[in-house]
Amino acid sequence: MARVQLALNVNDIDEGIAFYSKLFSTEPAKVRTGYANFAIAEPPLKLILIENPGHGGTLNHLGVEVESTDDVTATNARLSDQGLPTATEDQVTCCYAVQDKVWVDAPDGTPWEIYSVLADSETPNGEPRNVDPSCGPGACGTSSDADICCAS
């Protein structure tokens with residue numbers, strides 16, 4: 001099952017959890033310091049809350065959670081075939097999970113990730129990436145390249 005992901009910045013993680021638990025009648029699937037995610041059945045949604053004081057109410061990034069790495073690979077090929085610059089990250093730890101993902105930016109710069117969760121993680125590492133078309137596919141795969149080619 002694929003589902004859309006919406007990652008929001010919130011000023012206070014506890015207030016955000018309380019509000020969105022009531023709004024969607026569900027408790028978070030995962031809570032860590034400054035982070036929560038909800039696996040909402042109806043409507044099908046992966047809602048991510050990222051504590052970012054002073055930036056509450058703003059979009060962090062968007063995504064689509066897919067079933068498998070094969071789905072990520074197929075999406076990357078499809079986007080590349082359509083001429084869209086992408087950045088891939090394999091087995092990256094992000095949002096308290098190990099993931100394979102591909103990033104693509106909307107014309108206005110909004111970062112989208114298409115990802116598959118491989119395993120749970122106790123560390124949050126990773127930030128949303130913006131794709132610099134001059135960097136080419138996979139440019140965000142290393143920290144040194146990310147400093148040059150990708151902005152969080």
Side-chain angles (χ1 to χ4, degrees), residues 1-67 69 71-72 75-76 79 84-135 138-152:
M1 166 190 80
R3 61 182 161 197
V4 171
Q5 173 191 286
L6 175 61
L8 300 175
N9 293 313
V10 295
N11 288 320
D12 182 285
I13 195 68
D14 294 328
E15 288 178 356
I17 290 170
F19 174 80
Y20 288 104
S21 292
K22 292 174 186 173
L23 180 65
F24 291 109
S25 298
T26 191
E27 294 299 313
K30 185 184 295 187
V31 176
R32 302 290 188 270
T33 302
Y35 174 88
N37 85 43
F38 293 78
I40 300 164
E42 190 59 39
L45 174 67
K46 177 72 108 174
L47 176 66
I48 308 295
L49 304 180
I50 300 169
E51 190 168 53
N52 195 353
H55 298 282
T58 61
L59 179 67
N60 188 281
H61 67 280
L62 297 165
V64 178
E65 181 181 22
V66 296
E67 288 286 322
T69 296
D71 294 330
V72 173
T75 300
N76 187 31
L79 296 173
L84 295 175
T86 62
T88 58
E89 295 179 309
D90 294 329
Q91 298 189 10
V92 63
T93 302
C94 177
C95 300
Y96 296 94
V98 179
Q99 305 170 359
D100 283 348
K101 61 177 73 184
V102 59
W103 289 94
V104 63
D105 289 344
D108 65 1
T110 302
W112 278 87
E113 66 174 330
I114 295 79
Y115 69 98
S116 179
V117 174
L118 306 174
D120 197 36
S121 173
E122 291 303 315
T123 59
N125 302 332
E127 295 294 328
R129 306 284 190 210
N130 290 77
V131 179
D132 181 341
S134 66
C135 293
C140 294
T142 66
S143 60
S144 62
D145 289 339
D147 292 341
I148 297 167
C149 296
C150 304
S152 58

If every non-hydrogen atom of [X] is compared with every non-hydrogen atom of [Y], which pair is closest and at what distance?
X	Y	result
Pro28	Ile17	CG-CG2, 3.7 Å
Leu118	Gln99	CD1-C, 4.1 Å
Ala36	Ile13	N-CD1, 3.9 Å
His61	Pro111	CB-O, 3.6 Å
Ala97	Lys30	CB-NZ, 4.2 Å
Val92	Lys101	CG1-CE, 3.8 Å

Are the side chains of [X] and [Y] in touch, meaning some heavy atoms are under 4.5 Å apart?
X	Y	value
Glu65	Tyr115	yes
Ile48	Tyr35	yes
Phe24	Phe38	no
Leu6	Leu62	yes

Distance check, rounded to the nearest 0.5 Å: [X] atom [atom1] versus [Y] atom [atom2]?
X	Y	atom1	atom2	answer
Asn11	Leu49	CG	CG	11.5 Å
Ile114	Thr86	CD1	OG1	9.5 Å
Thr58	Leu8	OG1	CG	8.0 Å
Glu51	Glu15	CD	CD	9.5 Å
Glu113	Asp105	CD	CG	12.0 Å

Check whether any side-chain N or O of [X] sits under 3.5 Å from a backbone N or O of [Y] as a donor-acceptor pair, and report yes or no.
X	Y	result
Asp100	Gln91	yes
Asn52	His55	no
Asn60	Ala7	no

